[in-house]
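Note that this is a predicted model, so its numbers are computed, not measured.
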Amino acid sequence: MNRTKSSLYYRIFFVLVLFVGAMQEIKLVWDLSDTMNALMPCPTRFASCSCPACSSPRPRTSGKSCCKNGPKKQSRPGDPE
């Protein structure tokens with residue numbers, strides 16, 4: 001298993017947060033959990049807003065894309081892959 005320096009830092013942080021969370025009041029733990037769950041869509045929103053060509057419901061007519069892999073083709077039921 002390849003363990004990098006950042007992986008070690010993450011493991012230490014995880015263990016510390018685990019112990020701190022186990023010693024806190026349950027209301028604080030649930031409030032923090034709710035906040036983290038509410039923030040989960042933020043990276044997806046940021047990514048979809050930063051490249052409107054890839055998140056547009058209509059395909060671009062020029063065929064060019066601002067993304068490396070181009071806009072994702074949406075498949076419909078019954079279409080061959």
Side-chain angles (χ1 to χ4, degrees):
M1 180 178 222
N2 186 11
R3 294 187 181 173
T4 62
K5 200 173 201 179
S6 60
S7 174
L8 177 64
Y9 291 144
Y10 176 78
R11 288 170 188 255
I12 292 171
F13 177 73
F14 184 85
V15 170
L16 290 174
V17 169
L18 183 73
F19 282 115
V20 170
M23 293 183 223
Q24 297 301 316
E25 293 181 23
I26 194 72
K27 183 174 179 351
L28 177 66
V29 174
W30 278 110
D31 288 343
L32 184 61
S33 172
D34 289 341
T35 303
M36 293 298 123
N37 283 331
L39 292 174
M40 272 198 280
C42 291
T44 305
R45 295 276 183 190
F46 176 74
S48 64
C49 291
S50 65
C51 185
C54 295
S55 61
S56 174
R58 296 188 331 245
R60 296 179 73 185
T61 56
S62 67
K64 295 180 182 177
S65 175
C66 60
C67 298
K68 286 183 192 176
N69 301 328
K72 293 182 180 178
K73 182 181 176 186
Q74 295 180 353
S75 61
R76 294 182 223 158
D79 284 348
E81 291 187 29

Quiz item: Under the salt bridge (charged side-chain N to carboxylate O under 4.0 Å, His left out) rule, what pairs show up with a residue in residues 40-51, not counting sequence neighbours?
Solution: none
Quiz item: Residues two or more places apart in sequence or in another chain: which of them pass side chain to side chain contact (heavy atoms under 4.5 Å, CB included) with Leu16?
Solution: Ile12
Quiz item: side chain to side chain contact (heavy atoms under 4.5 Å, CB included) with Phe19: which residues, sequence neighbours excluded?
Solution: Val15, Met23
Could you go through residues 32-40 and list every donor-acceptor pair under 3.5 Å that involves a side-chain atom there, pairing it with any protein atom two or more places apart or in another chain?
from, atom 1, to, atom 2, distance (Å)
Thr35, OG1, Asp31, O, 2.8
Asn37, ND2, Ser33, O, 3.3

Quiz prompt | Results of side chain to side chain donor-acceptor pair (under 3.5 Å) for Thr44 - residues two or more places apart only | solution =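 Scan of Thr44 (side chain to side chain donor-acceptor pair (under 3.5 Å), adjacent residues dropped) gives none.
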Connecting only ILVMFWY residues whose side-chain heavy atoms lie within less than 4.5 Å of each other, what is the rest of [X]'s hydrophobic cluster?
X     : answer
Phe14 : Tyr10
Phe46 : none
Phe13 : Val17

